[in-house]
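Data block below; observations after.
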Amino acid sequence: MSQDKVSASPNIVWHSHALDRKQREIMNGHPALVIWFTGLSGSGKSTLAGALEQALFSQGIKTYLLDGDNLRHGLCNDLGFSETDRRENIRRVGEVSKLMVDAGLVVLTAFISPNKTERQKIRELMEEGQFIEVHVDTPLKVCEARDPKGLYKKARAGELLNFTGIDAAYEAPEQPDVYLDGLQPVESSIEKLLFILKNYGILPAYTQ
């Protein structure tokens, strides 16, 4: 499936609704945005995204976590793992994230999303300040030692092709909005994220 957006039919018209994102943000008491965790398989991004969502939820923030495996059970279950399909997978996640931001939510995502270009396209879907790229930087040897789903073992055995870090490249962010050392304890990484989110108006009363 092509990664390019198909042009809408001339018979399809975009409808503006009476309720908009800003009204929902006012009701929720915080701005809506996407916190996009990127990193190698096994880097800890899903763990961190889940822990951050719990921390935000406990403070009354309206959140939703989009997980790669979960979406491949439904929205993206027609896609494989070719480069084209992986790009389409990320494109769909970006569009869903945009809809959820319009709904006034703080959206957290945990995807390898190895291509800089694809991550940039999602940033461009959003308004200024609505996309926070979080790079969970964990050495490949550590990710491979963790290998929570046994994917590295399969990739090394040639049973799994086009696997990021083995026979497919990971393009690390050069200037992520947030850099996290994947070897640090989860608790300290969450503290750092919560402190940074003060600047985005998500947790105005938070103090480290």
Kindly compute the distance separating [atom1] ([X]) from [atom2] ([Y]), expressed to the nearest 0.5 Å.
{"X": "Lys198", "Y": "Leu193", "atom1": "NZ", "atom2": "CG", "answer": "14.5 Å"}
{"X": "Asp181", "Y": "Ser189", "atom1": "CG", "atom2": "OG", "answer": "7.5 Å"}
{"X": "His135", "Y": "Arg119", "atom1": "NE2", "atom2": "CZ", "answer": "7.5 Å"}
{"X": "Thr117", "Y": "Ile90", "atom1": "OG1", "atom2": "CD1", "answer": "13.0 Å"}
{"X": "Thr109", "Y": "Met100", "atom1": "OG1", "atom2": "CE", "answer": "11.0 Å"}
{"X": "Leu140", "Y": "Ile166", "atom1": "CG", "atom2": "CD1", "answer": "5.0 Å"}

Note, [X] side chain near [Y] side chain (heavy atom, < 4.5 Å):
{"X": "Val106", "Y": "Ile35", "value": "yes"}
{"X": "Pro114", "Y": "Glu171", "value": "no"}
{"X": "Leu33", "Y": "Phe131", "value": "no"}
{"X": "Pro139", "Y": "Leu183", "value": "yes"}
{"X": "Ser43", "Y": "Asp137", "value": "no"}
{"X": "Ile112", "Y": "Leu40", "value": "no"}
{"X": "Leu125", "Y": "Glu95", "value": "yes"}
{"X": "Leu48", "Y": "Leu180", "value": "yes"}

Heavy-atom neighbours of [X] [atom1] exceed 12 at 6.0 Å:
{"X": "Tyr179", "atom1": "OH", "value": "yes"}
{"X": "Tyr64", "atom1": "OH", "value": "no"}
{"X": "Glu174", "atom1": "CD", "value": "no"}

Residue pair Val136, Gln184: steps toward the side chain to side chain contact (heavy atoms under 4.5 Å, CB included) verdict: CA-CA 10 Å; Val136 184; Gln184 293 298 308; over 6 Å; no
Sequence neighbours excluded, which residues qualify as side-chain contact (heavy atoms from CB on, under 4.5 Å) partners of Glu25?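 Partners of Glu25 under the side-chain contact (heavy atoms from CB on, under 4.5 Å) test: Arg21, Lys22, Pro31, Ala32.
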Partner residues of Arg72 under the side-chain contact (heavy atoms from CB on, under 4.5 Å) criterion, sequence neighbours left out: Cys76, Leu79, Phe81, Arg86, Asn89
Electrostatic pair Glu118-Arg91, nearest N-O below 4.0 angstrom: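 Arg91 and Glu118: not salt-bridged.
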Is there a side chain to side chain contact (heavy atoms under 4.5 Å, CB included) between Val178 and Trp36 once you walk through the steps? CA-CA 10 Å; Val178 182; Trp36 188 278; over 6 Å; no
Quick one: do [X] and [Y] end up in the same hydrophobic cluster if we chain Ile, Leu, Val, Met, Phe, Trp and Tyr together by side-chain heavy atoms under 4.5 Å apart?
{"X": "Val186", "Y": "Leu108", "answer": "yes"}
{"X": "Ile190", "Y": "Leu197", "answer": "yes"}
{"X": "Tyr170", "Y": "Val93", "answer": "no"}
{"X": "Val107", "Y": "Phe57", "answer": "no"}
{"X": "Val34", "Y": "Leu105", "answer": "yes"}

Taking all heavy atoms of [X] and all of [Y], pick out the closest pair and write down the distance.
{"X": "Arg24", "Y": "Leu19", "result": "NH1-O, 3.6 Å"}
{"X": "Cys143", "Y": "Ser41", "result": "CB-O, 3.2 Å"}
{"X": "Gly182", "Y": "Arg146", "result": "O-NH2, 3.3 Å"}

Tell me whether Gln54 contacts the main-chain N or O of Ala51 through its side chain, where contact means a donor paired with an acceptor under 3.5 Å. no
Is a donor on one side and an acceptor on the other found under 3.5 Å between the side chain of Asn28 and the backbone of Lys62? no
Listed once per pair and sorted, the side chain to side chain donor-acceptor pair (under 3.5 Å) pairs that draw on residues 153-163, sequence neighbours left out: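 Every side chain to side chain donor-acceptor pair (under 3.5 Å) pair that includes a residue of residues 153-163, provided the two are not neighbours, is Glu144-Arg156.
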How about Phe111 and Phe37: are their ring centres within less than 6.0 Å of each other?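 Here the rings of Phe37 and Phe111 have centres that are no less than 6.0 Å from each other.
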Where do Leu194 and Ile202 land on the side chain to side chain contact (heavy atoms under 4.5 Å, CB included) test, with the steps shown first? CA-CA 9 Å; Leu194 291 174; Ile202 299 297; over 6 Å; no
